[in-house]
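Contents: one structure, followed by commentary.
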Amino acid sequence: MNQQPVEGFSKLSKQRKIDWLIKEYLSDDHSYEQILQQYWNADPTLQKLHEEFSENTISNFYMPYGIAPNFLIDGKLLALPMAVEESSVVAAASKSAKFWIDKGGFKTTIINTKKLGHTHFIINVEPHKLQHFFNFKLKKRLFEATEDITKNMRNRGGGILNIRLIDKTADLENYFQLKASFDTVDSMGANFINSCLEQFGRTLREEVANEEAFTSEEKDSIQIVMNILSNFTPDCIVRAEVSCRIEDLKDDSGISNEEFAAKFKRAVTIAEIEPFRATTHNKGVMNGVDAVVIATGNDFRATEACAHAYAAKDGKYTSLTHCTIDDGIFRFWIDLPISVGVVGGLTNLHPLVKFSLALLGKPSAQELMSILAVSGLAQNFAALRSLVTTGIQKGHMKMHLLNILNQLGATDEEKNHFVTYFKDKTVTHHEVISQFNSLRNK
Ligand code: MEV
């Protein structure tokens with residue numbers, strides 16, 4: 001390949017972008033164009049809407065949108081929308097939901113809802129002097145200077161909760177932070193928080209310049225490095241839990257309830273003490289969380305980053321879920337830090353997001369936090385249940401069977417045949433291909 005850098009790609013029309021890509025990267029093979037076109041929405045308005053969510057858009061990338069019904073959450077029966085491409089995630093969620101429905105379902109508690117952001121800055125001023133300036137002048141000015149930005153949020157019951165000066169000079173010379181906490185009510189609040197922080201940066205610079213107690217060298221030393229929210233929200237936490245008497249903890253794999261409970265708990269303990277296992281364990285949790293995060297138009301990169309930072313908050317990466325067996329009671333829970341919104345962002349724009357939120361009964365942001373934690377806990381329960389009994393591959397490969405058959409170009413009739421054939425047999429890639437070939441050869 002001998003491509004040249006392109007100038008002004010974003011200004012080309014969609015067709016010209018595609019032509020360019022096909023010529024430069026796809027050997028002028030226009031059959032690729034058809035692949036892109038078959039994912040365009042037939043309704044041009046809807047297509048335009050999707051194109052405008054991002055930049056340089058040439059097609060849409062579909063994700064399966066599935067439903068996991070029978071989730072009893074805080075006494076409400078919900079069907080969870082899940083956008084996920086991995087087979088068996090929705091089935092696993094549904095299985096867990098069904099398991100817990102007659103045991104009281106899932107219970108959740110919002111522990112707190114604070115979001116955080118920082119103005120990171122450098123100044124060569126003695127920390128006590130700076131603290132004095134912050135306490136007696138700057139803090140008040142920061143609230144005043146952001147009054148216009150926070151007005152609507154304050155009317156909705158949120159706003160800036162507190163601002164603190166943090167001395168980080170032990171870690172980096174002359175490094176300080178303005179650390180602010182926010183209540184963003186039903187929105188995730190990224191734009192709101194970042195707008196406040198950028199104003200903090202401007203106000204800080206102005207107030208330092210006007211401060212009589214600072215020398216001109218001190219004033220000149222200020223540098224606003226950046227103003228940005230933190231996706232780590234250890235003070236925006238929801239707990240979801242299930243519990244039941246061991247005698248009700250019946251698994252259908254044939255082992256006793258006591259043995260199942262003990263094996264399950266041990267698997268959680270291993271994730272608590274072993275980071276290699278914890279990573280996979282938490283990945284399984286996030287299978288459940290992210291699928292609902294995406295279906296409700298929220299930012300799964302933010303929820304991933306936050307969950308993993310939280311899992312490592314005590315200096316060693318550990319499990320997000322925990323389990324106890326006390327006095328014959330099995331208890332399994334998650335404390336999930338998660339910042340999501342039900343207004344703003346994609347929530348009012350993407351038709352399927354609107355559908356998801358309507359399906360969930362138009363939850364508040366706090367209710368959505370609960371639903372997400374439940375989805376993660378349920379997913380983890382299903383994974384551990386399989387892992388400590390039958391193993392994960394049995395269920396996974398059953399779900400993967402259709403993917404393999406689709407790759408082989410199986411007809412509907414052939415698919416039905418193989419789903420029945422493999423009901424009581426182990427699915428392996430090799431075996432499916434071999435059975436498929438022998439059916440076709442017959
Ligand atoms: C696969 O996507 C997720 C699991 O590996 C999670 C786990 O091992 O707990 C099954």
Side-chain angles (χ1 to χ4, degrees), residues 63-68 71 80-100 106 240-242 249 251-253 255 259-295 300-301 303-308 310-312 316-325 330-336 338 372-404 426-429:
M63 287 263 263
Y65 179 86
I67 299 296
F71 268 92
L80 304 197
M82 303 184 90
V84 60
E85 85 301 344
E86 182 175 332
S87 54
S88 84
V89 168
V90 177
S94 310
K95 223 174 148 195
S96 271
K98 222 165 163 190
F99 186 93
W100 287 104
F106 296 82
E241 61 188 286
V242 283
L249 197 74
D251 179 67
D252 47 20
S253 66
I255 60 174
E259 190 183 353
F260 174 57
K263 283 182 153 181
F264 189 100
K265 180 172 179 289
R266 196 171 50 202
V268 176
T269 306
I270 289 174
E272 285 167 340
I273 61 173
E274 167 51 74
F276 281 93
R277 174 56 204 152
T279 308
T280 318
H281 179 99
N282 291 343
K283 187 273 182 187
V285 170
M286 298 311 284
N287 276 346
V289 175
D290 286 342
V292 182
V293 165
I294 296 171
F300 67 92
R301 285 86 54 208
T303 53
E304 282 284 335
C306 185
H308 298 296
Y310 189 74
K316 183 178 171 195
Y317 190 85
T318 183
S319 170
L320 287 167
T321 60
H322 305 283
C323 179
T324 52
I325 302 172
F330 172 89
R331 182 165 170 258
F332 180 49
W333 76 97
I334 186 168
D335 284 344
L336 185 72
I338 191 152
L372 293 166
V374 165
S375 185
L377 187 72
Q379 199 62 220
N380 189 226
F381 180 78
L384 295 184
R385 186 181 174 192
S386 297
L387 284 167
V388 302
T389 55
T390 55
I392 208 80
Q393 280 311 88
K394 192 166 171 239
H396 263 220
M397 289 309 285
K398 280 256 142 67
M399 304 307 294
H400 194 51
L401 175 61
L402 283 180
N403 287 348
I404 304 174
T426 308
V427 179
T428 66
H429 206 263

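Along the sequence shown, residues are numbered consecutively beginning with 1. Both ligands and their constituent atoms are indexed starting at 1 by order of listing. Because the structure is a prediction, the values reported are computed rather than measured.
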For K316, the salt bridge (charged side-chain N to carboxylate O under 4.0 Å, His left out) test, sequence neighbours excluded, returns none

ask   = Can you say whether the rings of W100 and F330 are parallel (under 30°), tilted (30 to 60°) or perpendicular (over 60°)?
value = parallel

Worksheet item: Do the ring planes of F381 and F260 sit parallel (below 30°), tilted (30 to 60°) or perpendicular (above 60°)?
Response: perpendicular

Practice problem: If the plane angle is over 60° it's perpendicular, under 30° parallel, otherwise tilted; pick one for Y317 and H308. | Solution: parallel

Sequence neighbours excluded, the answer for side chain to side chain contact (heavy atoms under 4.5 Å, CB included) partners of H322 is E272, W333

Distance dump, ligand 1 polar atoms to protein, N/O, under 3.5 Å:
{"from": "ligand 1", "atom 1": "2 (O)", "to": "E86", "atom 2": "OE1", "distance (Å)": "3.3"}
{"from": "ligand 1", "atom 1": "2 (O)", "to": "E86", "atom 2": "OE2", "distance (Å)": "2.5"}
{"from": "ligand 1", "atom 1": "2 (O)", "to": "K283", "atom 2": "NZ", "distance (Å)": "2.7"}
{"from": "ligand 1", "atom 1": "2 (O)", "to": "N287", "atom 2": "ND2", "distance (Å)": "2.9"}
{"from": "ligand 1", "atom 1": "8 (O)", "to": "R277", "atom 2": "NH1", "distance (Å)": "2.9"}
{"from": "ligand 1", "atom 1": "8 (O)", "to": "R277", "atom 2": "NH2", "distance (Å)": "3.4"}
{"from": "ligand 1", "atom 1": "9 (O)", "to": "R277", "atom 2": "NH2", "distance (Å)": "2.7"}

Sorted by chain and number, sequence neighbours left out, salt bridge (charged side-chain N to carboxylate O under 4.0 Å, His left out) with R331 holds for E241

